[in-house]
Undergrad: 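Here it is, the structure, as structure tokens.
In what follows, residues are counted from 1 in the order of the sequence shown. Note that the structure is predicted; figures quoted are calculated from it, not measured.
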Amino acid sequence: MRTRLRRAVVTAVALLTATTALPAAAAQGHDRQQHPSHGGLSATIRYTEYGIPHIVAKDYADLGFGTGWAQAADQVCTLADGFVTVRGERSRFFGPDAAPDSSLSSATKNLSSDLYFKGVRESGTVEKLLAEPAPVGPSRQAKDLMRGFAAGYNAWLRQNRITDPACKGAAWVRPVTELDVAARGFAFAVLGGQGRGVDGITAAQPPTTTAAGAPNAQDTARAARELLAADSADMGSNAVAFSGSTTANGRGLLLGNPHYPWQGGRRFWQSQQTIPGQLNVSGGSLLGSATMSIGHNARVAWSHTVATGVPLNLHQLTLDPADPTTYLVDGKPERMTKRTVTVDTKDGAPVTRTQWWTRYGPVVTSLGASVPLPWTTTTAYALNDPNAANLRASDTALGFSKARGTADVLKSLQRTQGLPWVNTIAADAAGHSLFTQSQVLARITDELAQRCSTPLGKVTYPSAGLAVLDGSRGDCALGDDADAVQPGIFGPARMPTLTDAPYAENSNDSAWLANAERPLTGYERIFGTIGTQRSMRTRGAIEDVAALARRGDLTVADLQGQQFANRVPAGDLIAADAAKACAALPGGTATGSDGKAVDVTEACGVLAAWDRTANTDSRGALLFDRLWRRIPAAQLWKVPFSAADPVGTPNTLNANTAAFTAALADTVTELRTANIPLNSPLGEHQFVVRNGKRIPVPGGTESLGVWNKVEPVWDAVGGGYTEVSTGSSYIQAVGWNGSRCPVARTLLTYSQSSNPNSPHYSDQTRLFSQERWVTSRFCEKDILSSPGLKVVRVRER
């Protein structure tokens with residue numbers, strides 16, 4: 001039986017290969033564009049262990065079809081929820097006051113989400129981008145993938161029953177169009193720009209009184225800095241590429257460890273995509289995407305990290321004293337454009353609101369709750385988001401998927417400029433390494449900011465990278481770079497880039513220390529800072545990867561070891577001092593923030609004996625974690641940061657403070673109140689529950705500096721950390737050994753499906769708990785030898 005099955009698969013792949021190789025005249029007869037509604041799209045899907053699909057198709061529309069089908073099979077409810085979002089229909093189905101899951105924007109309520117996304121739909125924004133010729137707009141291949149994805153999703157809906165209780169029988173699960181798929185891509189593109197300001201865009205209304213003054217510059221700068229830092233903490237990443245000079249065989253190595261949400265529409269989904277003779281790539285795709293977001297092919301591997309470049313800026317408008325919806329540019333009045341949007345609501349009347357748009361973008365009255373931007377009778381703020389003209393990420397990803405080395409990865413970035421808010425780290429079989437912050441950023445040079453910043457911008461730009469330019473002056477326009485794909489953005493020549501360094505690493509700090517021995521400088525402030533304090537995670541990562549590079553003879557096994565070393569850099573810096581300070585307390589007591597004395601004697605011993613890791617069996621890791629979160633950062637260190645030693649500073653615990661002893665006492669009280677022993681293994685109190693069973697989770701929070709980052713949710717009554725909001729997600733360790741098959745190990749931490757009735761709801765989560773990996777089945781011989789091989793031929797009917 002097994003032999004017959006393998007022969008059938010080989011035959012199917014051979015037929016697809018033959019179709020792909022047809023002469024041009026014959027191949028035209030298979031052009032699906034001639035039959036957009038009844039094209040008979042199809043694909044072959046080979047499933048291997050853990051429900052990983054290997055999709056084979058003869059062209060891009062068919063590949064999109066197979067991808068849409070397979071994603072729907074695993075994630076139909078999550079996908080459907082996202083399509084409701086980009087159609088602006090959340091209020092209709094879920095009520096206007098409920099909150100979206102924040103996957104596709106920062107909207108705090110369904111109503112503001114709908115007002116924004118329906119406004120995008122009614123303005124034809126995405127259609128216009130689809131109509132732009134490549135490279136400004138998406139290529140024919142990218143559009144075929146989107147069209148095929150929609151058809152595959154719809155075909156799965158027609159031919160299968162939904163078993164996921166999250167949307168079984170729900171009226172909001174409906175067929176989709178190519179436009180819906182493209183709109184989801186648009187939402188991803190503007191996450192860091194318009195998506196961050198959705199509440200402020202949809203709430204912006206002309207003032208009716210003269211009240212409200214200018215925002216406080218220092219407060220706004222601090223809030224903007226915290227807002228941008230929070231974005232990185234919620235969705236960050238680590239990645240490192242090693243060049244052949246450090247490896248055992250002279251070939252490159254790549255470890256990618258993105259930290260993305262564990263629930264909702266920003267999850268990764270794992271697959272292999274093959275068009276024989278044209279494309280063969282494995283990796284993780286963001287849900288709703290028909291291309292590979294992070295992955296590898298036979299010659300090159302890449303990953304992304306969220307970049308420090310600020311993908312938006314503000315223009316401060318000077319308003320006509322007689323009309324707050326008219327602004328002045330070089331003394332001449334320009335009327336704002338009025339967009340009136342009506343949203344249907346559940347069990348209520350439709351809601352109609354107006355949005356106001358300018359030559360710079362929409363008027364916005366806030367960026368999150370903490371950054372107010374009041375619209376007064378004299379002043380308003382418009383948000384410029386260059387990624388609102390960027391629907392090119394699919395073509396960037398296709399370029400990566402077809403690349404034969406890091407040079408091709410860089411060429412794809414230069415040709416398409418499609419990445420909105422991430423860095424790229426890559427390695428290849430020839431031994432090259434690459435780091436580049438090639439993201440779409442408004443062309444705001446330091447010179448322009450110096451010349452054109454408003455008083456608010458003079459504070460927010462150097463402090464947070466948020467430019468606030470004088471919108472009343474025509475000479476403050478962004479300008480163009482000759483090599484840029486679209487007007488108003490930096491061209492590829494301006495991007496911080498490091499090639500062929502022994503290691504190239506990023507953990508969401510700026511490009512400055514991608515390699516500590518070869519620091520990158522000379523870029524504009526909007527890209528990030530130079531010579532400033534690095535995060536604990538960056539410091540720990542550089543220590544680890546620099547040590548690996550110096551040691552040399554590296555293999556994929558070393559990458560696997562780095563991923564699950566679970567070293568706690570913060571613990572290495574202060575745990576011993578904390579234990580000594582604890583032991584020195586008179587009578588073994590510390591005074592808590594409530595003024596009560598607490599016996600902390602046991603804690604001293606637990607901290608001293610802790611192994612400084614966040615493994616599930618580590619005793620003391622939980623105690624240290626809860627303590628670390630309580631020590632005020634401003635009172636933590638004796639030795640401050642020095643740009644001359646950015647990896648080693650700040651250091652040395654400032655233990656002789658009331659803040660430290662209060663934090664220690666409060667931590668002990670918290671754990672004892674929750675009946676959690678101070679020396680409990682971490683995994684007993686850091687876990688997720690799947691189908692009623694606890695699965696221990698290794699790793700640690702952002703500020704601890706653990707490479708294997710997880711952001712768990714504290715629930716003392718429930719037993720500790722009982723869920724993970726974000727953290728290690730699609731992990732890959734990739735190298736080469738001279739054969740045609742890359743040496744790759746992968747892990748999708750939260751598993752392929754969010755359906756609790758799926759066999760692949762938690763299987764890889766259990767692997768993650770046990771620090772085990774999936775051996776990638778990339779070559780045909782490996783796919784066909786899978787003991788769990790299942791072949792499905794899917795088609796339109």
Side-chain angles (χ1 to χ4, degrees), residues 48-55 67 70-71 74-75 78-79 103 188 234-241 254-273 281-297 300-306 393 397 400-401 419 421-427 506-508 556 559-560 562-564 688 697-699 707-711 724-734 742 744-754 760-769 771-778:
T48 58
E49 297 96 320
Y50 307 102
I52 299 171
H54 304 257
I55 304 159
T67 303
Q71 278 197 29
D74 287 325
Q75 295 284 353
T78 306
L79 288 168
S103 294
F188 282 134
D234 289 343
M235 196 177 70
S237 301
N238 303 307
V240 60
L254 179 108
L255 175 60
N257 172 222
H259 304 149
Y260 274 51
W262 274 38
Q263 295 85 27
R266 242 181 279 163
R267 282 171 56 129
F268 286 104
W269 177 83
Q270 188 175 359
S271 70
Q272 181 176 7
Q273 295 179 317
V281 61
S282 286
S285 304
L286 287 175
L287 285 177
S289 171
T291 54
M292 214 60 73
S293 305
I294 289 172
H296 69 86
N297 60 28
V300 65
W302 74 94
S303 195
H304 297 301
T305 60
V306 176
F400 289 4
S401 297
L419 298 184
W421 32 262
V422 293
N423 306 302
T424 300
I425 298 89
N506 186 263
S507 293
N508 305 125
V556 168
L559 304 183
Q560 294 175 266
Q562 169 63 23
Q563 176 60 41
F564 286 121
V688 296
V697 173
W707 176 284
N708 183 29
K709 171 187 158 174
V710 292
E711 293 295 335
V724 173
S725 59
T726 65
S728 295
S729 50
Y730 175 70
I731 309 167
Q732 61 173 8
V734 186
R745 305 292 182 265
T746 68
L747 190 59
L748 187 62
T749 58
Y750 36 65
S751 307
Q752 280 284 82
S753 179
S754 55
H760 308 299
Y761 175 60
S762 61
D763 50 358
Q764 290 199 63
T765 311
R766 291 190 294 273
L767 290 183
F768 179 60
S769 174
E771 301 181 3
R772 294 168 54 203
W773 296 73
V774 177
T775 298
S776 177
R777 294 185 180 275
F778 184 82

Undergrad: According to the interplanar angle, ranging from 0 to 90°, do the rings of Trp773 and Phe564 count as parallel (below 30°), tilted (30 to 60°) or perpendicular (above 60°)?
TA: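 Trp773 and Phe564: perpendicular rings.
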Undergrad: Look at the aromatic rings of Phe400 and Trp302 and report parallel, tilted or perpendicular, splitting at 30° and 60°.
TA: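 Perpendicular.
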Undergrad: Nearest 0.5 angstrom please: Phe768 CZ to Ser729 OG, how far?
TA: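 Separation between the atoms: 9.5 Å.
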Undergrad: Taking all atoms of both residues into account, what is the closest heavy-atom pair of Gln752 and Tyr50, and its distance?
TA: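 Heavy atoms only, the tightest pair is CG-O, 3.6 Å.
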Undergrad: On a heavy-atom basis, which atom in Ser271 and which in Ile55 lie closest, and how many Å separate them?
TA: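 Result for this residue pair: CB-CD1, 4.4 Å.
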Undergrad: Report the C-alpha distance between Val556 and Val734 in whole Å, list the side-chain angles of each, state the deciding distance to 0.1 Å, and finish with yes or no for side-chain contact (heavy atoms from CB on, under 4.5 Å).
TA: CA-CA 6 Å; Val556 168; Val734 186; over 6 Å; no
Undergrad: Are any side-chain N or O atoms of Arg745 and backbone N or O atoms of Thr775, one a donor and one an acceptor, separated by less than 3.5 Å?
TA: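 No; judged by distance alone, with no hydrogens or angles, the pair does not exist.
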Undergrad: Might you work through the side-chain contact (heavy atoms from CB on, under 4.5 Å) test for Arg266 and Leu287, ending with a clear yes or no?
TA: CA-CA 6 Å; Arg266 242 181 279 163; Leu287 285 177; over 6 Å; no
Undergrad: Is there side-chain contact between Tyr750 and Val688, with at least one heavy-atom pair below 4.5 Å?
TA: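 No, side chains not in contact.
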Undergrad: Just by distance, no angles: are the side chains of Gln563 and Trp707 close enough, under 3.5 Å, to form a donor-acceptor pair?
TA: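 Yes, because at least one side-chain N or O of Gln563 sits under 3.5 Å from a partner of the opposite role on Trp707.
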Undergrad: Please check: side-chain N/O of Gln71 versus main-chain N/O of Gly288, any donor-acceptor pairing under 3.5 Å?
TA: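 At least one qualifying donor-acceptor pair exists.
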Undergrad: Any donor-acceptor pair under 3.5 Å linking the side-chain atoms of Thr78 with those of Ser754?
TA: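 There is such a pair between these side chains.
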Undergrad: Tell me whether Ser769 contacts the main-chain N or O of Val697 through its side chain, where contact means a donor paired with an acceptor under 3.5 Å.
TA: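 No: the side chain of Ser769 does not pair with the backbone of Val697.
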Undergrad: Kindly determine whether His296 and Val281 satisfy side-chain contact (heavy atoms from CB on, under 4.5 Å), including the steps that lead there.
TA: CA-CA 6 Å; His296 69 86; Val281 61; over 6 Å; no
Undergrad: Closest approach of Leu254 and Leu559, non-hydrogen atoms and distance?
TA: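 Of all heavy-atom pairs spanning Leu254 and Leu559, the closest is O-CD1, 3.3 Å.
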Undergrad: Could you state the interatomic distance from CG (Asn423) to OG (Ser507), rounded to the nearest 0.5 Å?
TA: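 Atom-to-atom, Asn423:CG and Ser507:OG are 10.5 Å apart.
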Undergrad: In terms of side-chain heavy atoms, does Asp74 have a donor or acceptor partner in Ser753 at a distance below 3.5 Å?
TA: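 The answer is no; no qualifying pair exists.
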Undergrad: Could you check if a side-chain atom of Asn238 sits within less than 4.5 angstrom of a side-chain atom of Thr305, using non-hydrogen atoms only?
TA: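 Contact flag for Asn238/Thr305 side chains = no.
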Undergrad: Could you tell me which non-hydrogen atom of Ser293 sits nearest to which non-hydrogen atom of Phe268, and how far apart they are?
TA: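 Closest approach of Ser293 to Phe268: CB-CE2, 4.0 Å.
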Undergrad: Just to verify, what does Glu49 make a side chain to side chain donor-acceptor pair (under 3.5 Å) with, not counting sequence neighbours?
TA: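 Testing Glu49 for side chain to side chain donor-acceptor pair (under 3.5 Å), a comparison that skips the adjacent residues, returns Arg777, Ser786.
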Undergrad: Just checking, any donor-acceptor pair under 3.5 angstrom between side chains of Ser728 and Asn708?
TA: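 Result is yes, a qualifying pair exists.
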Undergrad: Starting at OG of Ser751, measure out to NE2 of His760 and round the result to the nearest 0.5 Å.
TA: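 Going from OG on Ser751 over to NE2 on His760, the span is 9.5 Å.
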Undergrad: Test of understanding: with side chain to side chain donor-acceptor pair (under 3.5 Å), list the residues that count as partners of Gln273, not counting sequence neighbours.
TA: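 For Gln273 the side chain to side chain donor-acceptor pair (under 3.5 Å) partners, ignoring immediate neighbours, are Thr67.
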Undergrad: If I compare all heavy atoms of Gly283 with all of Met292, which pair ends up nearest, and what's the gap?
TA: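 Distance-wise, the nearest heavy atoms are C-SD, 3.3 Å.
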Undergrad: Say you draw a straight line from OG of Ser282 to CG of Asn297; how long is it, rounded to the nearest 0.5 Å?
TA: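 Interatomic distance, Ser282 OG to Asn297 CG, rounded to 0.5 Å: 9.0 Å.
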Undergrad: Nearest 0.5 Å, what's the CG-CH2 distance between Leu286 and Trp269?
TA: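 If I round to the nearest 0.5 Å, the distance is 12.5 Å.
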Undergrad: Check for me whether the distance between the ring centres of Phe778 and His54 falls short of 6.0 Å.
TA: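 Judged by ring-centre distance (under 6.0 Å), Phe778 and His54 do not meet the cut-off.
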Undergrad: Considering non-hydrogen atoms only, spot the tightest contact between Pro261 and Thr726 and give its length.
TA: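 In this case the closest contact between Pro261 and Thr726 is CA-CG2, 3.7 Å.
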Undergrad: Does any part of the side chain of Glu771, heavy atoms only, come nearer than 4.5 Å to the side chain of Pro698, both counted from C-beta?
TA: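 Touching, per the 4.5 Å side-chain cut-off.
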Undergrad: Does the Ser401 side chain pair with the main chain of Ala397, one donor and one acceptor, at a distance under 3.5 Å?
TA: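 Yes, the answer is positive, given that a donor and an acceptor are paired below the 3.5 Å cut-off.
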Undergrad: Would you say Ser725's side chain and Glu711's backbone share a donor-acceptor pair under 3.5 angstrom?
TA: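 The answer is yes, because a donor-acceptor pair under 3.5 Å joins these two groups.
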Undergrad: Tell me whether Asn257 contacts the main-chain N or O of Ala239 through its side chain, where contact means a donor paired with an acceptor under 3.5 Å.
TA: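 Not at all, since once roles are kept as given, no pair shorter than 3.5 Å links the two residues.
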Undergrad: If the plane angle is over 60° it's perpendicular, under 30° parallel, otherwise tilted; pick one for Tyr260 and Trp421.
TA: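 Tilted, since the angle between the ring planes falls between 30° and 60°.
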Undergrad: Check each of Asn506, Val422, Ile425 against His304 using the side chain to side chain contact (heavy atoms under 4.5 Å, CB included) test, and report the only one that passes.
TA: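 By the side chain to side chain contact (heavy atoms under 4.5 Å, CB included) criterion, His304 pairs with just one of Asn506, Val422, Ile425: Val422.
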Undergrad: Using 0.5 Å steps for rounding, measure from the CD atom of Gln764 to the OG1 atom of Thr749.
TA: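 Rounded to the nearest 0.5 Å, the CD-OG1 separation comes to 8.5 Å.
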Undergrad: With side-chain contact (heavy atoms from CB on, under 4.5 Å) as the test, would you mind laying out the steps for Thr746 and Ile731 before giving the verdict?
TA: CA-CA 5 Å; Thr746 68; Ile731 309 167; over 6 Å; no
